[in-house]
Amino acid sequence: MTVLSVNVNKIAVLRNSRGHFLPDPLAAALVCIEAGCHGITVHPRPDQRHIRTEDVVRVAAALPAGIEFNIEGNPFAPPRAGYPGLLELVRRTRPAQVTFVPDGDGQLTSDHGFDLVRDGERLAPLVREFKALGSRVSLFVDPDVRDVGRAADIGADRIEIYTEAFARAFVAGDSHKALADCVRTAEQALAAGLGVNAGHDLDQRNLVALIAAIPFLAEVSIGHALISEALYAGLASTVAAYLAALAEAACTAKR
């Protein structure tokens, strides 16, 4: 079965918009684990826009046995104030998996994968360093990446297919070509001995179609849609709980 790793970055975005400590990404991660997810993903960026270094350390220390920790990040990004660099974060926390993503400060979110031909020589020694720390390494790639088998030559264990194009096409009702691109990349990766993950804009509507087309998909990492859907699914019960608290307070005041 394809496993679910929940990305809790959006919880940190909400917290950071207000400051202080709430909502807490670690508390959210523990709720997701209690609900049955298989792993937790974080994507700390050097500009500290959401998940921060201290969050990564706290989550890593609190995860129960059997729950995989996946840290995403750009291995080329140098350390800066508040951010020790991806390698140092992995050295401190020893996640089961590290997903290399070629993002920068100017990107609102991850919007492209590695060029394995252009970036291969730079990636290979970094992959070796991270694997020496005991982490599986996955490379974020576009669904039409050239020669995805090069990821195996670089030393990676898996790829993660960037699925935004498929998700957008699915909403438009014309996802055949975008899905075929994902399938072709996944099959080529599997033939090269690589595991296959997928992520970005996956949700409850498009997920079934993706896994039906790629039944050997090892893992999906989902954050934005899952957290967005949870707001709707949980709002009614939360409002009811507040109303109950107000009613109880009113009864107490009358005594």
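Keep in mind the model is a prediction, meaning the values are calculated, not measured.
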For this session: May I ask whether Val90 and Val137 are part of the same hydrophobic cluster, defined by side-chain heavy atoms of I, L, V, M, F, W, Y residues being less than 4.5 angstrom apart, directly or through others?
Result: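 Both belong to a single hydrophobic cluster.
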
Exercise. Nearest 0.5 Å, what's the CD-OG1 distance between Glu160 and Thr163?
Worked result: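 It comes to 7.5 Å.
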
Problem set entry | Spacing of Asn70 atom CG and Ser138 atom OG [to the nearest 0.5 Å] |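 Separation between the atoms: 7.5 Å.
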
Exercise. So do Pro143 and Cys182 actually touch side chain to side chain, heavy atoms under 4.5 Å?
Worked result: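 The answer is yes; the side chains approach within 4.5 Å.
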
Exercise. Taking only residues two or more places apart in sequence, or in another chain, which ones meet Ala165 in a side chain to side chain contact (heavy atoms under 4.5 Å, CB included)?
Worked result: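 Here no residue qualifies.
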
For this session: Under the side chain to side chain contact (heavy atoms under 4.5 Å, CB included) rule, collect the residues that match up with Ala192, sequence neighbours excluded.
Result: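 With neighbours one apart ignored, the set is Ala152, Leu194.
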
Exercise. When you check the gap from the basic side-chain N to the acidic O, do Asp47 and Arg49 get nearer than 4.0 Å?
Worked result: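 Salt bridge present between Asp47 and Arg49.
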
Exercise. What about the rings of Phe100 and Phe140, do their centers lie closer together than 6.0 Å?
Worked result: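 Centroid distance Phe100-Phe140: not below 6.0 Å, so no.
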
Exercise. Closest approach of Ile159 and Ala189, non-hydrogen atoms and distance?
Worked result: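 Result for this residue pair: CD1-CB, 3.6 Å.
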
Problem set entry | Set of residues satisfying side chain to side chain donor-acceptor pair (under 3.5 Å) with respect to Gln188, sequence neighbours excluded |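 None.
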
Would you be so kind as to tabulate the donor-acceptor pairs closer than 3.5 Å made by side chains of residues 211-226, with sequence neighbours excluded?
| from | atom 1 | to | atom 2 | distance (Å) |
| --- | --- | --- | --- | --- |
| Glu219 | OE2 | Gln97 | NE2 | 3.1 |
| Ser221 | OG | Thr41 | OG1 | 3.4 |

Residue pairs, two or more places apart or on separate chains, that pass salt bridge (Lys or Arg N to Asp or Glu O under 4.0 Å) and touch [range]:
{"range": "residues 21-36", "answer": "Asp24-Arg58"}
{"range": "residues 226-247", "answer": "none"}
{"range": "residues 193-204", "answer": "Asp203-Arg205"}
{"range": "residues 175-191", "answer": "Lys177-Asp181, Asp181-Arg184"}

Problem set entry | Residues in salt bridge (charged side-chain N to carboxylate O under 4.0 Å, His left out) contact with Arg15, at least two apart in sequence or another chain |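 Partners of Arg15 under the salt bridge (charged side-chain N to carboxylate O under 4.0 Å, His left out) test: Asp55.
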
Problem set entry | Arg158: salt bridge (charged side-chain N to carboxylate O under 4.0 Å, His left out) partners, not counting sequence neighbours |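 None.
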
Exercise. Run the side-chain contact (heavy atoms from CB on, under 4.5 Å) check on His38 and Glu68 step by step: do they pass?
Worked result: CA-CA 7 Å; His38 309 95; Glu68 285 206 347; over 6 Å; no

Identify all side-chain donor-acceptor contacts of residues 118-133 below 3.5 Å with residues at least two apart in sequence or on another chain.
| from | atom 1 | to | atom 2 | distance (Å) |
| --- | --- | --- | --- | --- |
| Asp119 | OD2 | Asp115 | N | 3.1 |
| Lys131 | NZ | Gly155 | O | 2.9 |
| Lys131 | NZ | Asp157 | OD1 | 3.3 |

For this session: Output every pair passing ring-ring contact (aromatic ring centres under 6.0 Å, His included) with a member in residues 65-94, not counting sequence neighbours, ordered by first then second residue.
Result: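 Residue pairs with at least one partner in residues 65-94: there are none.
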
